[in-house]
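Heads up: the structure comes next, in structure tokens.
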Amino acid sequence: MHPLTPLLLPPSSENLLLQQAQRLAGFSLGELAAIAGLQIPKDLKRDKGWIGMLLELWLGASAGSKPEQDFAALGVELKTIPVDRQGKPLETTFVCVAPLTGNTGVTWETSHVRHKLKRVLWVPVEGERQIPLADRRVGAPLLWSPNDDEEHQLRLDWEELMDMIVLGQVERITARHGEVLQLRPKAANSKALTEAIGAQGEPILTLPRGFYLKKNFTGALLARHFLLKT
DNA sequence: GGCTGATCATGT
DNA sequence: ACATGATCAGCC
């Protein structure tokens, strides 16, 4: 009998979701894995998504592979984010795959990026590699929606990147484009190919890409919560 | 291959 | 030290 137990079903309200996430704060990944009866890998080299899946289990998200929000009924996306001892992000945050074709008529308002980021439950987790995986602790969660400034930043970057994609410039995009949102490879390896638009408007094959939030953006939203919240 | 979950590891 | 480009695993 343990006082803390994973949710077996998706929580029926945002408040219940947040409450469960708040209960996990301070526990180590080893403790949460043990209670849930999960084996813990020695590191994340071959289990990069393990922490995300552990938190999905604890919070009652329908696990894994659906192109929907993690809590579809609540319209909430779950993101675990590795942080250093100061609470600053150690990695960028994957948002969604970038559509490289069929983009006629797509706008920021109808974009997958905007939909995914409309409401996010951020769960910081200690991520320094010197800390054994089992000893890393879960931090206090943050239920977030972009404010007007954040949405504006995201929209500007998204529009710049999508313009380049539509105009056949995808292979000229690097991770340096975008102030808060970047486009980077998102694939099994560098040999994976997908269809895109070439410089002359012709179909080409290129590496699949994903949209990622840069650390300045996620760092600022975490800081706003943990430093400026009353 | 394309989607989910991300972090690794090398170059600068 | 750090961000970019590359990569890992499972499901369909």
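The structure displayed is predicted, hence computed values, not measured ones. The sequence lines fix the lettering, A, B, ..., with proteins before strands; numbering per chain opens at 1.
Looking at heavy-atom distances under 4.0 Å, Leu207(A) makes contact with sugar-phosphate atoms alone, never a base. Counting any heavy atom pair closer than 4.0 Å across all strands shown, Arg184(A) reaches a base atom. Using a 4.0 Å heavy-atom distance criterion, Leu193(A) is classed as a sugar-phosphate-only contact.
Note: CD (Glu179(A)) to P (dA3(C)) measures 14 Å, nearest angstrom. Straight-line distance from the NZ atom of Lys186(A) to the P atom of dT4(C): 17 Å, rounded to whole Å. In this entry the distance linking CG of Leu44(A) with C1' of dC8(C) reads 11 Å, nearest Å. With rounding to whole Å, Glu195(A) atom CD is found 13 Å from dG1(B) atom C1'. As rounded to whole Å, 15 Å separates atom C1' of dT4(B) from atom CG of Leu55(A). In this structure, Lys215(A) places its NZ atom 7 Å from P of dC2(C), rounding to the nearest Å. The distance from atom NZ of Lys79(A) to atom P of dT7(B) is 10 Å, rounded to the nearest whole Å. To the nearest angstrom, P of dA6(B) lies 13 Å from NZ of Lys48(A).
Of the candidates dG2(B), dT4(C), dA6(C), the closest approach to any side-chain atom of Arg176(A) belongs to dT4(C). For Arg46(A), the side-chain atoms get nearest to dA9(C) when compared with the rest of dG5(B), dA9(C), dT7(C). Comparing dA3(C), dG2(B), dT7(B) by their closest approach to the side chain of Thr194(A) singles out dG2(B).
Residue-to-nucleotide contacts include no donor-acceptor pair under 3.5 Å from the side chain of Lys45(A) to the base of dT7(B). Within 3.5 Å, a donor on the side chain of Tyr212(A) pairs with an acceptor on the base of dA6(B), or the reverse.
Checked for salt-bridge contact, Arg224(A) and Glu150(A) meet the test: a charged N lies under 4.0 Å from a carboxylate O. Between Arg114(A) and Glu151(A) there is a salt bridge, since at least one side-chain N of the basic residue sits less than 4.0 Å from a carboxylate O of the acidic one.
Formation of a donor-acceptor pair under 3.5 Å by the Asp70(A) side chain with backbone atoms of Glu56(A) is not found in this model.
Residue Gln182(A) has a polar side-chain atom (N or O) positioned under 4.0 Å from OP1 or OP2 of dT4(C).
Residue order along DNA chain B, read from the 5' end via each residue's closest nucleotide, puts Trp50(A) first among Trp50(A) and Arg129(A). Along DNA chain C, the nucleotide nearest to Ser190(A) and the one nearest to Thr92(A) differ in position, and the one closer to the 5' end is contacted by Thr92(A). DNA chain B is contacted by both Gly49(A) and Ala192(A); Ala192(A) maps to the nucleotide lying nearer its 5′ end (nearest heavy atom per residue).
Residue Lys88(A) qualifies as open at atom NZ: its count of foreign heavy atoms under 6.0 Å is 12 or below.
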TODO: Go through Arg155(A) and Glu159(A) one step at a time and tell me if the salt bridge (Lys or Arg N to Asp or Glu O under 4.0 Å) criterion holds.
DONE: CA-CA 6 Å; Arg155(A) 181 170 67 77; Glu159(A) 288 175 347; 3.1 Å; yes

